[in-house]
S.K.: 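This is the structure I want to talk about, given as structure tokens.
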Amino acid sequence: MASNPAERARNGGKGVAAPGEAAVRASVPDARALYPNKNTSLRLARILEEAGLVNEQMIQDLIRSGKEDAASIQRSLVQTGLVREDDILDALAQEMHLERVDFSAVVITPELIGQVPARIARKYRIFPVRYDEDTIWVALSDPLDIQTTDDLKMVLNKEVIGCVAPEEDIARAVRRYYEGDEISSIYEKTIEEEDESGVERRSGFKDYSKIDLDAENTSVNQPAVVKFVDLIFRQAVHERASDIHVEPARTTLEIRFRVDGVLHHVPCPPKKWERQIIARLKVMASMDLAEKRVPQDGRIKLNVENRKLDLRVSCLPAYFGETIVMRILDQSSVMLGLADVGFLPDNIERFRHLIRAPNGVILMTGPTGSGKTTTLYAALSTLNTVETKIITAEDPVEYQIAGINQVQIDKEIELNFAAALRAMLRQSPDIILVGEIRDLETAEIAIRAALTGHLVFSTLHTNDAPSATVRLVDIGIKPYLVGSSLAAVIAQRLVRRICGTCKKPYKPSSGELVEMGQDPRKVPEDLVFYKGEGCDRCSQFGYRGRTAIHEIMEMDSDLRRMVIRGSASTHLKAAAAEKGMRSLRMDGFEKIVRGDTTFEEVIRMTQED
């Protein structure tokens, strides 16, 4: 008879006779016995140190930044790219003699799902793997949380054996098998309530236009509209959306999420909910509910599943009603390193050399949502030391960084970029970040700061790196000032990563190679390209996550002379390419060769060289 979890898993789990309680406990050591009188963060630190994944300083830095429990430390290590989640889970499983779960191999039946109530699965973020008469195996992401297993034993009235699985895999399984399509269920329940109560459809089930939409004043029996809005926020977080778009149309209210840079539809609410949904969002964002003629901006702060979110909200009057776009900023996320941003190894060295210059202007260019701010934050985190004074002016301050003085632009009190920049220069800074150069005054002060010994970072909206020089001259800066102050321009775009789960070899057509600027006859036959086939992990898209491609134009004496002479951006680009600058499309091709992205993505996001 199988007497341990791994052996019982090979026998199918369900239907195998359970050993006695003593045998189960003997086969799975209690973590409290392994680590007596130590908190979870120190336990995790010891396990990861012994596995060679971290050192003591890395853990101490995370604890000082407020990450005190094992779960938050584990999440931070993964988010920063310092340690792979699989490596952490493997180390925990090996040390605690626990089973690693592969959800693709788990046979999920209604009987298995029924072993754990939905509210328990959601509350403790667990998922049943298999069971027998007196024992249940559950997947959890934090096996060091002994309180969870103790609670589960009491609630389920069974012996509970933990198995180790990625937090995201567990969350996806819980959403799929326990939550289902919550939006559809809300609609169906509402319609059923209307039919049962006999209320006329035109009354809009209790006439929600007269209900106070302030969450503090809602009763336990919340209106369906309020439930829907809360659900939209939760679903957006689950799907890793960066934006939520609420768009009134002639006969519908469209809801779309931007995931990995691409918009996707979610189930639309009834048209009659439109006024109440818009009103709810405007109230949450502290906007003027009565004003429907002019654009408005606001912010919403949420706490979704222990994650602090800050939403930038924009309301714009359109033909069929007010459209609302909410940009989701995850305040619990951690700064990324330069490699995590997407720089190729040779570009990392070039960028590190550039950002350690004593003075000059370094510009990041690209459209809205291309990750410019994230890259600049990565640069600042590299330079953020006790010896360096860094001040930023941002609109808005997206993420708070310890050790850096960040100024929030406020147009209502005339604190614009130019005013903030003038004041910053009186604070004796070493490094300055200006969120965006939008006008002549801001550009002039930034360039003056660079010429007087400061390193200045900023962003500009241009199509490629060489075009930045033309754009600055177009704003009104003298060409000789642009040439003498500009240290480098980095253009950036974000492309979707191939999903690692469904990644398969792929043979590109000769047309795709030609469009990428490659001669099909010169591409090695043994060079392997990849694309994603689509799976549950990537919602059948074949992509999961994004990486950046770059075009770095480092200024030298020849390029400075060309800028001063007023050369066109095409001539600048040709000259920079001769000096080794890799264009956005060529950098994208390098990412294709590495297996990070696809021809389709790079072609979609870049223009032909």
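One is the number of the first residue; the rest follow in order along the sequence. All heavy atoms count here, side chains included; hydrogens, waters and symmetry mates do not.
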S.K.: Can you spot which of Leu311, Leu309, Ile232 makes a side-chain contact (heavy atoms from CB on, under 4.5 Å) with Met326?
M.R.: Leu311
S.K.: For the aromatic rings, using the six-membered ring if either is Trp, is the centroid distance between Phe351 and Phe343 under 6.0 Å?
M.R.: yes
S.K.: Tell me if a side-chain donor or acceptor on Thr442 pairs with a main-chain N or O of Arg438 at a distance below 3.5 Å.
M.R.: no
S.K.: Do Tyr506 and Glu533 have a side chain donor and acceptor closer than 3.5 Å?
M.R.: no
S.K.: When you measure from the side chain of Lys372 to the backbone of Gly366, do you find a donor-acceptor pair of N or O atoms at a distance under 3.5 Å?
M.R.: yes
S.K.: Counting only heavy atoms not in Lys123, do more than 12 sit closer than 6.0 Å to its NZ atom?
M.R.: no
S.K.: Hey, does the side chain of Lys573 reach the backbone of Ser467 with a donor-acceptor pair shorter than 3.5 angstrom?
M.R.: no
S.K.: Hey, is Asp230 close enough to Lys227 for a salt bridge, meaning N to O under 4.0 Å?
M.R.: no
S.K.: Is the closest basic N to carboxylate O distance between Glu254 and Arg256 below 4.0 Å?
M.R.: no
S.K.: With a 4.0 Å cut-off, would you call Arg585 and Glu551 a salt bridge?
M.R.: no
S.K.: Looking at His550, is its backbone amide N or carbonyl O close enough to the side chain of Asp587 to form a donor-acceptor pair, meaning the two atoms are under 3.5 Å apart?
M.R.: yes
S.K.: Are any side-chain N or O atoms of Thr252 and backbone N or O atoms of Pro248, one a donor and one an acceptor, separated by less than 3.5 Å?
M.R.: no
S.K.: With distance as the sole criterion, is a donor-acceptor pair present between the side chains of Gln406 and Glu394 under 3.5 Å?
M.R.: yes
S.K.: Got a donor-acceptor contact below 3.5 angstrom from the Glu322 side chain to the Ile278 backbone?
M.R.: no
S.K.: Starting at CD1 of Ile255, measure out to CD1 of Ile277 and round the result to the nearest 0.5 Å.
M.R.: 5.5 Å
S.K.: Answer yes or no: is there a side-chain heavy-atom contact under 4.5 Å between Glu601 and Arg546?
M.R.: no
S.K.: About how many Å separate CD1 of Ile324 and CG of Leu281, when rounded to the nearest 0.5 Å?
M.R.: 4.5 Å
S.K.: Consider only side-chain N and O atoms of Ser458 and Glu436, and report whether a donor and an acceptor are under 3.5 Å apart.
M.R.: no
S.K.: As an exercise, state the distance from CZ of Phe529 to NZ of Lys507, rounded to the nearest 0.5 Å.
M.R.: 8.0 Å
S.K.: For Ile300, run the side-chain contact (heavy atoms from CB on, under 4.5 Å) check against Ile328, Asp310, Val283, Val313 and tell me which one passes.
M.R.: Val313
S.K.: Answer yes or no: are there more than 12 heavy-atom neighbours, outside Glu600 itself, under 6.0 Å from its atom CD?
M.R.: no
S.K.: Where is the tightest heavy-atom contact between Ile170 and Arg125, given as atom of each residue plus distance?
M.R.: CG2-O, 3.5 Å
S.K.: Using the salt bridge (charged side-chain N to carboxylate O under 4.0 Å, His left out) definition, which of the options Arg240, Arg497, Arg496 pairs with Asp260?
M.R.: Arg240
S.K.: Distance only, no hydrogens: is a donor on one side chain within 3.5 Å (strictly under) of an acceptor on the other, for Tyr543 and Thr597?
M.R.: no
S.K.: Does any N or O in the side chain of Thr459 come within less than 3.5 Å of the main-chain N or O of Gly435, such that one atom is a donor and the other an acceptor?
M.R.: yes
S.K.: Has Lys282 got a side-chain atom pairing as donor or acceptor with Glu291's backbone, closer than 3.5 angstrom?
M.R.: yes
S.K.: State plainly whether the residues Arg258 and Asp243 are in salt-bridge range, i.e. N to O under 4.0 Å.
M.R.: yes
S.K.: I want to check something: taking the side chain as every heavy atom from C-beta on, are Thr469 and Leu486 in contact at a cut-off of under 4.5 Å?
M.R.: yes
S.K.: Quick check against the 3.5 Å criterion: does Glu512 have a side-chain atom that pairs as donor or acceptor with the backbone of Ser509?
M.R.: yes
S.K.: For the backbone of Gly595 and the side chain of Lys503, can you confirm whether one donor and one acceptor N or O come within less than 3.5 Å of each other?
M.R.: yes
